[in-house]
Amino acid sequence: MGNEMQQRRPAGDRRSGIELGTLFGITVVLDWSLLIIAFLVAAAVALGPMAQWHEDWSTGLRWLVGAGAAVLLFASILVHEFSHALMARRFGTPVQRITLFIFGGMAHMEEEARHWRAELLIALVGPVTSLVLGFLLLSASGLLFDPEQLLGNDPEQILGSLGPLASLLLWAGNINIILAVFNMVPAYPLDGGRVLCGLLWGFTGDKALATRWSAFGGRLFGSLLMALGIAMVLGIQIPFFGTGFVGGLWLVFIGWFLSRAALLSYQSEAARGALAKVRVGDIMRREFDTLAPALGLDEVVEQHLLARGTRAWPVLENERLLGLLTFDDLRRVGREQWPSTQVREIMVDSAALVTIGPDEAGFQALAALSQHAINQMPVLDNGRLVGMVHREDILRWLELYGRQQLAA
């Protein structure tokens with residue numbers, strides 16, 4: 001039901017999570033799921049390396065450094081995502097939002113790369129940024145202790161002599177380098193998979209084929225991680241990963257996420273390719289229920305909602321679109337107020353609506369609906385309402401005509 005509500009705020013403003021602010025015209029949103037992983041990172045650092053390196057530290061100090069590690073990790077991920085976003089902009093791809101969530105971050109690009117070089121460089125800049133940031137943090141940690149300490153042969157003694165800030169920077173530097181290496185695994189949708197996709201696209205000239213091969217690599221890698229995680233749960237020692245129930249379960253979860261994300265990424269690209277061949281005018285509804293602005297809400301419910309089952313209505317006056325009323329708008333008004341409230345009082349004004357033209361490609365309609373978290377959109381031809389395009393209409397078209405292209 002929430003998807004039926006049109007934007008009352010500027011396009012792209014509606015989102016879940018905490019809005020941290022805007023930088024370079026890009027809004028940064030922190031998803032609630034990040035709080036879970038932030039706690040896990042803080043706990044892992046406090047009970048792991050800080051406990052091993054600094055047995056003499058108090059529990060409070062270890063947890064303080066752990067909390068700093070969580071903040072620094074996601075600040076690093078934010079820098080990583082900004083590098084993607086700014087590179088995408090350089091190639092003409094708009095980016096209005098970056099979301100930090102449980103698996104890291106995501107720069108929301110409104111369009112796909114138009115050339116294989118753009119795909120390659122947009123993907124490559126992220127791991128390079130993480131690698132550079134990692135070495136900078138390691139260099140910064142090196143400024144906080146005496147280099148002569150490195151001449152000793154006891155690494156544990158060297159680590160134990162580091163102060164809280166040096167320990168934090170050393171950990172963050174290493175983790176950025178590890179993330180850069182992990183991200184370069186040629187498995188879609190990791191950056192390495194997108195790099196592979198760009199190279200294959202350039203070699204074959206077929207983006208859909210390149211995406212399919214890269215996505216297969218992502219699903220294969222995800223399956224491998226799940227298999228390793230199951231082995232760890234069963235007590236088998238895995239090189240680099242070790243063993244244990246919690247670590248194995250986490251690896252299974254990451255593998256499942258990557259495998260699922262690879263499949264969805266390919267299906268999204270396949271849907272985009274299929275919808276590029278159809279116009280909005282071929283998918284939209286040409287017959288739809290409309291409302292007059294002076295109509296009372298009780299009449300809307302009786303004559304339109306209950307009688308016809310419609311849940312979103314364009315509001316017209318002399319064939320001019322004034323706005324849109326949805327079921328969610330009705331629900332926000334108390335039932336006792338329906339007879340005394342007119343449509344014009346609660347409708348979304350036309351200036352705030354997301355609209356599209358009949359000659360636009362079908363994938364542009366689906367992208368707009370997804371970006372703005374809405375379920376329908378007026379179709380305007382030179383300012384005149386000619387139809388309504390609904391998410392379910394697009395999905396139905398894909399089900400009927402795009403099934404072969406969506407098969408992975």
Side-chain angles (χ1 to χ4, degrees), residues 12 22-29 74-101 103-136 176-219 221 257-258 261-273 276 361 363-364 366-368 370-371:
T22 301
L23 183 62
F24 302 119
I26 301 172
T27 302
V28 179
V29 178
F74 288 104
S76 300
I77 292 174
L78 186 58
V79 172
H80 177 109
E81 294 303 326
F82 261 107
S83 70
H84 285 309
L86 296 178
M87 182 63 77
R89 281 187 171 183
R90 185 174 180 273
F91 284 100
T93 301
V95 179
Q96 294 185 348
R97 178 165 56 108
I98 289 175
T99 301
L100 298 178
F101 66 110
F103 283 108
M106 177 183 297
H108 299 267
M109 288 180 277
E110 297 180 16
E111 301 174 7
E112 294 294 326
R114 303 169 188 171
H115 192 275
W116 70 268
R117 289 190 184 89
E119 176 86 2
L120 176 65
L121 293 177
I122 292 171
L124 191 59
V125 71
V128 170
T129 298
S130 292
L131 196 62
V132 171
L133 187 59
F135 282 115
L136 287 176
N176 268 279
I177 293 173
I178 291 172
L179 287 176
V181 173
F182 178 77
N183 258 305
M184 279 306 295
V185 172
Y188 208 86
L190 294 177
D191 291 336
R194 295 185 179 275
V195 168
L196 176 62
C197 181
L199 293 172
L200 291 173
W201 182 7
F203 180 74
T204 64
D206 187 337
K207 184 180 181 182
L209 181 62
T211 304
R212 183 168 188 168
W213 287 352
S214 303
F216 175 76
R219 295 171 69 181
F221 182 64
F257 174 81
L258 288 176
L263 176 60
L264 293 177
S265 295
Y266 172 70
Q267 289 180 336
S268 175
E269 179 61 30
R272 179 185 176 88
F363 76 83
Q364 292 177 314
L366 184 58
S370 299
Q371 178 189 348

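Between Ser214 and Leu200, some side-chain heavy-atom pair lies under the 4.5 Å cut-off. Inter-residue side-chain proximity for His84 and Val95 is flagged as unmet; no heavy-atom pair is nearer than 4.5 Å. Residues Leu124 and Met184 meet the side-chain proximity criterion, which asks for heavy atoms closer than 4.5 Å. Between Leu131 and Ile177 there is a side-chain heavy-atom pair separated by less than 4.5 Å. Taking 4.5 Å as the limit, every side-chain heavy atom of Thr27 sits out of range of all side-chain heavy atoms of Gln96.
Between Trp213 atom CH2 and Leu199 atom CG the span is 12.5 Å, to the nearest 0.5 Å. Distance check, rounded to the nearest 0.5 Å: CD1 of Ile98 to OG1 of Thr22 gives 10.5 Å. Taken from CZ in Arg90 to CG in Leu86, the straight-line distance is 11.5 Å, to the nearest 0.5 Å. Here the NZ-CZ distance, from Lys207 to Arg114, works out to 11.0 Å after rounding to the nearest 0.5 Å. Atom CG in Leu196 sits 10.0 Å away from atom CG in Leu120 (nearest 0.5 Å). One finds the OG1 atom of Thr129 at 10.0 Å from the CD atom of Glu81 (value rounded to the nearest 0.5 Å).
Annotation for Ala123 and Pro127: closest pair O-CD, 3.1 Å, computed over non-hydrogen atoms. Minimum interatomic distance between Tyr188 and Cys197 (heavy atoms only, all atoms of both residues): CE1-CB, 4.1 Å. Across all their heavy atoms, Ser130 and Ala180 have their closest contact at CB-CB, 3.9 Å. For the pair Ile26 and Ala85, the tightest heavy-atom approach, listed with the atom from each and the gap, is CD1-CB, 3.6 Å. Across Ala187 and Gly218, no two heavy atoms sit closer than the pair CB-CA, 3.5 Å.
Other residues, nucleotides and ligands contribute more than 12 heavy atoms inside 6.0 Å of the CZ atom of Phe91. In this structure, Trp116 places its CH2 atom where more than 12 heavy-atom neighbours from other residues, nucleotides or ligands lie under 6.0 Å away. Atom CZ of Phe203 sits in a sparse spot, with 12 or fewer heavy atoms from other residues, nucleotides or ligands closer than 6.0 Å.
Arg194 contributes no side-chain N or O that, together with a main-chain N or O of Glu119, makes up a donor-acceptor pair within less than 3.5 Å.
Note: Phe82 and Phe24 have perpendicular aromatic rings, judged against thresholds of 30 and 60 degrees for the angle between ring planes.
No side-chain N or O of Asn176 forms a donor-acceptor pair with one of His80 less than 3.5 Å apart.
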